[in-house]
Amino acid sequence: MRSNGERQYRWADEALAVLDTPEDYHFDEALAYLNRSESECLHQVEGRTVYKALDIGGEPVLMAIGMGIVEEAQGRTVTVRFLNGRPEEERVGRSIAFIREWMDLDTDISGFYRIGGQDPLLGPVIERYRGLRLIGVPSLFEALCWTVAGQQINLAFAYTLKKRLVEAFGSRIVHEGREFMLFPSAEQIASLQPEELRELKFTGSKAETLIRIARLIQEGELSKEGLLELGDFREAEKKLISVRGIGPWTANYVMMRCLRNRDAFPLADVGLHNAIRRRLGRTEKPSLPEVEDMGARWAPWRAYATFYLWSTLTES
DNA sequence: AACCAGGAAACCG
DNA sequence: CGGTTTCATGGT
């Protein structure tokens with residue numbers, strides 16, 4: 001088990017860190033999820049490597065995240081190569097902490113396998129995707145933007161909107177011919193007028209919501225730390241829903257992927273409904289009460305159940 | 001070319 | 001309240 005302050009990595013060479021991973025971990029399952037859209041702009045999958053940039057203390061850290069260097073551990077370990085030079089120790093620590101949170105390397109999910117393994121609908125899915133962990137969106141602002149942008153539109157268009165937002169207001173770093181994108185800060189979006197987002201084809205309501213969220217975060221009225229400190233996740237959900245433009249689906253999606261509440265449940269999620277429909281071999285989507293009943297069986301792992309079911313959607 | 005998309009708010013009886 | 005309509009654009 002992890003203890004605070006304990007190092008979660010060792011150096012294999014000057015710029016290659018090797019991360020400890022939990023048992024029952026399979027990097028390839030994470031890769032498959034990360035690689036599900038061609039339009040993803042905030043990371044890039046090439047072969048069995050993920051390229052990603054972070055802004056750590058105002059300076060970019062460019063990383064190639066890949067497999068273990070020991071053959072027998074391939075797929076069960078994670079390595080991080082720092083492409084633009086090995087940062088000072090504190091920034092390395094923050095980068096590694098980001099990866100561990102992103103990939104959810106510090107949660108014991110054996111309880112999910114126990115509960116879900118018994119379930120007729122979820123059991124086969126767990127069997128198929130065992131070793132997959134819930135890929136997060138550690139930045140609250142990015143998570144909220146992605147979720148609000150994705151309301152009531154198909155995923156392909158959601159990725160297009162995100163890409164336009166990043167290209168218009170984020171930043172771009174080119175290193176050895178490879179392009180890295182950074183998501184805009186809340187401050188950058190807070191100063192915009194809704195028209196500037198409408199030009200990117202956000203709806204008026206989404207444009208206003210994104211700017212509203214950016215301002216709340218800039219003012220410190222909304223923060224990841226603040227939401228986590230509420231302790232009771234129902235309070236965090238209430239706080240999120242109190243923002244105009246954030247409803248139950250968005251709140252639960254963000255709790256699932258950013259606050260890492262393993263029991264958050266985006267009940268109205270169309271992807272979840274389609275995954276359930278297909279697992280049941282039906283033509284009709286399940287009713288909301290049906291989805292609620294299934295969710296009750298999966299508690300307190302409803303977020304993990306949802307994420308595993310999402311993964312089945314990429315199977316033709 | 002109609003129908004739907006990883007919803008939310010406003011509206012209505 | 002609980003159901004219905006509107007928003008708004010692009011993918012398939």
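Just so we're on the same page: letters track the sequence lines, and every chain starts at 1.
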Find the distance A:Lys162:NZ to C:dG10:C1' and express it as a whole number of Å. 18 Å
The side chain of A:Asn154 is closest to which nucleotide in this list: C:dG11, B:dG7, B:dA10? C:dG11
Below 30° counts as parallel, above 60° as perpendicular, anything between as tilted: where do the rings of A:Tyr25 and A:Phe27 land? tilted
By nearest nucleotide on DNA chain B, pick out whichever of A:Thr250 and A:Asn274 is the more 5' one. A:Asn274
For a quick check of understanding: with a heavy-atom distance under 4.0 Å over all strands, which category does A:Ile246 fall into, base, sugar-phosphate or nothing? sugar-phosphate
Rounded off to whole Å, could you give me the CG-to-P distance for the A:Leu155 and B:dA5 pair? 11 Å
Contact class for A:Thr209 vs. all strands (heavy atom < 4.0 Å): base, sugar-phosphate, or nothing? nothing
Within the structure shown, what part of the strands sits under 4.0 Å from A:Tyr33 by heavy-atom distance: base, sugar-phosphate, or nothing? base
When every non-hydrogen atom of A:Ala53 is compared with those of A:Leu182, the smallest separation belongs to O-CD2, 3.5 Å
Have A:Gln188 and A:Ser185 got a donor and an acceptor in their side chains that come within less than 3.5 Å? yes
Ignoring hydrogens and angles, state whether a donor on the side chain of A:Tyr253 or A:Trp146 is under 3.5 Å from an acceptor on the partner side chain. yes
Whole-Å P distance, C:dG10 and B:dA9: 23 Å
Could you check which of B:dG7, C:dG10, C:dT12 has an atom nearest any side-chain atom of A:Ala156? C:dT12
Polar atoms only, N or O, under 3.5 Å: list the protein pairs with nucleotides 4-9 of chain C and their distances.
unit_1: C:dT9; atom_1: OP1; unit_2: A:Arg198; atom_2: NH2; d: 2.8

Hydrogens and angles aside, do A:Trp301 and A:Asp263 bring a side-chain donor and acceptor to less than 3.5 Å of each other? no
Is the distance from OP1 or OP2 of B:dA5 to the nearest side-chain N or O of A:Lys285 less than 4.0 Å? yes
Nearest-angstrom distance, P atom, B:dC4 to C:dT5: 15 Å
Under a 3.5 Å distance rule, please check whether A:Glu290 uses its side chain to pair with a backbone N or O of A:Ser287 as donor and acceptor. yes
Has the side chain of A:Lys206 got a donor or acceptor atom that lies under 3.5 Å from a matching backbone atom of A:Cys145? no
